[in-house]
Amino acid sequence: MASVTEEQVELARELIQSVPPGEVTTYGDVAAHAGLSSPRLTAWILRTDGHDLPWWRVIAASGRPSARPPERQLDRLAAEGVPVVDGRVVLKECRHRF
DNA sequence: ACTTTGACTAGAA
DNA sequence: TTTCTAGCCAAAG
């Protein structure tokens, strides 16, 4: 598959929506479970077709928030119960496993 | 058809 | 610990 199919996008959306409050997932995880070729595609989906998804629950594997207004994002995550330490999300504890 | 860009990642410095 | 580099894939100009 040379491009991202509807199926992949749909699955990625499902996965992201299935992440409960208090937990987060990474681009790589979503990509892996959705069958995407690369984590960048997850980012591409969130940027283009994922405007309806809880993009704030999808963070980089480094534990850093996405490159969008990160301050509000961290506050929102913390409010949902996501462990945030020193401006960094604790993936080790809140990473959702599908 | 080619080049640039991007909400990434893992590894190196 | 943080910052940089290279690899990565698809879309947009």
Side-chain angles (χ1 to χ4, degrees):
Chain A
M1 347 175 226
S3 60
V4 181
T5 66
E6 308 268 342
E7 187 178 284
Q8 308 284 30
V9 177
E10 219 173 318
L11 184 49
R13 285 182 179 175
E14 285 289 317
L15 289 166
I16 294 168
Q17 285 180 340
S18 71
V19 178
E23 294 187 31
V24 295
T25 189
T26 69
Y27 295 93
D29 274 8
V30 174
H33 285 270
L36 298 172
S37 322
S38 166
R40 286 188 108 94
L41 301 198
T42 306
W44 172 77
I45 292 172
L46 283 176
R47 199 189 85 173
T48 61
D49 304 299
H51 52 71
D52 291 334
L53 300 170
W55 51 266
W56 54 84
R57 294 191 195 145
V58 185
I59 63 176
S62 314
R64 295 183 170 175
S66 41
R68 265 213 132 189
E71 307 182 13
R72 304 290 182 192
Q73 178 176 8
L74 276 172
D75 266 359
R76 188 177 325 210
L77 287 171
E80 288 183 352
V82 175
V84 177
V85 178
D86 194 41
R88 177 171 29 122
V89 176
V90 186
L91 270 177
K92 215 171 172 182
E93 295 185 14
C94 64
R95 181 176 181 173
H96 177 65
R97 304 194 183 190
F98 298 106

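Among the nucleotides B:dT9, B:dA7, C:dA10, the one closest to any side-chain atom of A:A61 is B:dT9.
Following rounding to the nearest Å, A:D29 (CG) and B:dT9 (C1') show an atom-to-atom distance of 12 Å. Nucleotide C:dA12 holds its P atom 7 Å from the CH2 atom of A:W44, rounded to whole Å. Atoms CG (A:L36) and C1' (B:dT9) sit 15 Å apart, rounded to a whole Å. Atom CG in A:D52 sits roughly 18 Å away from atom P in B:dA7 (whole-Å rounding). Summarising the geometry, the separation between OH on A:Y27 and P on B:dA7 is reported as 8 Å, rounded to the nearest angstrom. Between the CZ atom of A:R64 and the P atom of B:dC8 there is a distance of 12 Å, rounded to whole Å. Separating the CG atom of A:L74 from the C1' atom of B:dA7 is a distance of 14 Å, rounded to the nearest angstrom. Atoms CG (A:L91) and P (B:dC8) sit 13 Å apart, rounded to a whole Å.
Annotation for A:G87 and A:L74: closest pair O-CD1, 3.5 Å, computed over non-hydrogen atoms. The minimum heavy-atom distance linking A:P65 with A:I59 is given by the pair CA-CG2, 4.3 Å.
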Listed pairs, N/O of protein and of nucleotides 4-8 of chain C, under 3.5 Å:
| residue | atom | partner | partner atom | Å |
| --- | --- | --- | --- | --- |
| C:dG7 | N1 | A:R40 | NH1 | 3.4 |

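Listed by chain and residue number, nothing satisfies the salt bridge (Lys or Arg N to Asp or Glu O under 4.0 Å) test with A:E7 (two or more places apart in sequence, or in another chain).
The closest donor-acceptor contact from the side chain of A:S38 to the backbone of A:R40 lies under 3.5 Å. With hydrogens and angles ignored, the 3.5 Å screen pairs no side-chain donor or acceptor of A:R76 with any backbone N or O of A:W56. For A:R13 (side chain) and A:D49 (main-chain N/O), a donor-acceptor pair under 3.5 Å exists by modelled atom type.
Projected onto DNA chain C by closest heavy-atom contact, A:D86 and A:T48 fall at different nucleotides, the more 5' of which corresponds to A:D86.
Sorted by first and then second residue, the side-chain hydrogen bond (donor to acceptor under 3.5 Å, both in side chains) pairs involving residues 16-26 of chain A (not counting sequence neighbours) are A:E23-A:H96.
Taking only side-chain nitrogens and oxygens, A:R47 comes nearer than 4.0 Å to OP1 or OP2 of B:dA7.
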